[in-house]
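What you see below is based on every heavy atom in this structure, not just the backbone, and it leaves out hydrogens, waters and symmetry mates. We count ligands from 1, going down the list as the structure has it; atoms in each ligand are counted the same way.
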Amino acid sequence: MRIDIISIFPDFFEGPFSHSILKRAQEKKLVEIHIHDLRPYSTNKQKSVDDYQYGGGSGMVMNIQPIDDCISKLKEEREYDEIIYLTPDSPTLNQNTCNNLSISKNLIMLCGHYKGIDQRIRDQFITMEVSIGDYVLTGGELASAVLTDSIVRLIPGAISDETSALSDSFQDELLSHPIYTRPSDYKGWKVPEVLLSGNPILIEKWREEKAIEKTKNTRPDLLQ
Ligand code: SAM
């Protein structure tokens with residue numbers, strides 16, 4: 001998989017992709033992540049990438065020209081499965097979307113800033129819009145890092161035990177069951193007896209019951 005991220009703050013990504021699964025997935029060549037600094041694409045003398053909003057109102061809007069040039073150049077080089085704009089005014093990301101995107105070959109993620117991007121870019125180029133939740137961030141960088149992480153960990157080989165990702169919350173519309181590790185008794189805080197029984201059928205039954213109970217209490221909407 002190849003992910004091209006377009007941003008006016010490329011340095012932001014030095015941290016999020018240099019650790020753990022994301023780092024290993026790149027080392028194993030399961031994913032290539034390319035960060036594109038938008039500013040050099042500006043043909044403007046000051047290399048500015050934003051301007052006032054038509055119709056008035058506070059907040060700047062990201063210009064069409066640098067984004068057009070950057071996306072057009074990338075599209076000349078390869079075909080993209082999706083050109084994604086991270087934006088709060090769009091459908092909220094869920095595990096199903098992550099599963100679908102994890103089998104993509106090439107993705108572009110466009111990070112907005114200020115009030116967002118000129119609508120004409122959305123009309124002309126964007127094939128998918130993703131919000132990471134009902135709140136407003138300063139920029140799309142965090143959102144694209146969240147989206148990248150949630151997709152890359154699903155690529156076969158990214159997690160050493162591939163079945164682990166399949167038993168995480170949301171994969172079967174349920175939240176995860178409680179989990180424990182050694183010691184079985186810490187200061188009298190005991191691990192449920194059934195998990196020490198060695199009986200896989202009983203353990204699976206207990207996990208399913210606990211997952212349903214937790215989902216009912218915390219996210220009943222998932223069960224509908
Ligand atoms: N004016 C926009 C609105 O009201 O919908 C908010 C713009 S926000 C301050 C600036 C940028 O941050 C957006 O263009 C988007 O790229 C990113 N962003 C903010 N919140 C986000 C969210 N919940 N999900 C995805 N991206 C978000």
Side-chain angles (χ1 to χ4, degrees), residues 1-17 22 31 33-42 44 46-75 80-102 104 106-154 168-170 218-219 221-222:
M1 180 188 289
R2 176 184 167 115
I3 302 177
D4 290 281
I5 300 181
I6 304 171
S7 160
I8 56 172
F9 292 109
D11 294 350
F12 170 92
F13 297 97
E14 277 169 17
F17 300 150
L22 270 276
V31 65
I33 304 174
H34 298 266
I35 313 293
H36 304 274
D37 184 0
L38 192 60
R39 211 168 281 281
Y41 284 90
S42 173
N44 180 300
Q46 291 76 37
K47 296 284 172 207
S48 67
V49 289
D50 59 296
D51 211 331
Y52 294 102
Q53 200 178 151
Y54 273 123
S58 57
M60 305 298 275
V61 178
M62 287 176 72
N63 294 121
I64 299 186
Q65 177 271 318
I67 303 177
D68 174 17
D69 286 3
C70 183
I71 294 182
S72 298
K73 179 172 172 285
L74 289 171
K75 282 182 73 181
Y80 285 90
D81 301 81
E82 298 285 1
I83 302 178
I84 303 169
Y85 175 44
L86 284 307
T87 182
D89 58 347
S90 62
T92 312
L93 182 63
N94 60 28
Q95 193 61 40
N96 203 24
T97 307
C98 301
N99 290 346
N100 292 338
L101 287 173
S102 72
S104 309
N106 298 310
L107 295 172
I108 290 179
M109 296 185 194
L110 173 62
C111 306
H113 248 273
Y114 317 117
K115 286 301 272 184
I117 62 171
D118 190 304
Q119 179 62 37
R120 289 167 288 179
I121 287 290
R122 296 171 80 161
D123 299 340
Q124 296 296 326
F125 287 113
I126 301 301
T127 60
M128 184 177 193
E129 298 189 332
V130 172
S131 163
I132 63 157
D134 291 347
Y135 43 81
V136 176
L137 302 165
T138 307
E141 285 73 20
L142 270 170
S144 67
V146 166
L147 182 59
T148 300
D149 186 310
S150 64
I151 295 171
V152 170
R153 66 195 304 283
L154 296 172
D168 282 333
S169 292
F170 307 112
T218 316
R219 290 289 306 275
D221 55 299
L222 293 175

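For ligand 1, residues of the protein lying within 4.0 angstrom by heavy-atom distance are Y85, L86, T87, P88, G112, H113, Y114, K115, G116, V130, S131, I132, G133, Y135, V136, L137, T138, G139, G140, A143.
A donor-acceptor pair under 3.5 Å is absent between the side-chain atoms of T92 and the main chain of S131, judged by distance alone.
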Output side-chain donor-acceptor pairs under 3.5 Å for residues 110-118, partner residues at least two apart or in another chain, one line each.
unit_1: H113; atom_1: NE2; unit_2: E141; atom_2: OE1; d: 3.2
unit_1: D118; atom_1: OD1; unit_2: R120; atom_2: N; d: 2.9
unit_1: D118; atom_1: OD1; unit_2: R120; atom_2: NE; d: 3.0
unit_1: D118; atom_1: OD2; unit_2: R120; atom_2: NH2; d: 2.8

Please tabulate, for side-chain N and O atoms in residues 63-72, each donor-acceptor pair with protein atoms closer than 3.5 Å (sequence neighbours left out).
unit_1: N63; atom_1: OD1; unit_2: D50; atom_2: N; d: 2.9
unit_1: Q65; atom_1: OE1; unit_2: T43; atom_2: N; d: 3.1
unit_1: Q65; atom_1: OE1; unit_2: T43; atom_2: OG1; d: 3.3
unit_1: Q65; atom_1: NE2; unit_2: Y41; atom_2: O; d: 2.8
unit_1: Q65; atom_1: NE2; unit_2: D69; atom_2: OD2; d: 2.9
unit_1: D68; atom_1: OD1; unit_2: S72; atom_2: OG; d: 2.8
unit_1: S72; atom_1: OG; unit_2: D68; atom_2: O; d: 2.7

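More than 12 heavy atoms of other residues, nucleotides or ligands lie within 6.0 Å of OH in Y135, so this atom counts as buried by the packing criterion.
To the nearest 0.5 angstrom, L142 atom CG is 12.5 Å from L147 atom CG.
Among pairs with a residue in residues 87-100, those fulfilling salt bridge (charged side-chain N to carboxylate O under 4.0 Å, His left out) read D89-R122, at least two apart in sequence or across chains.
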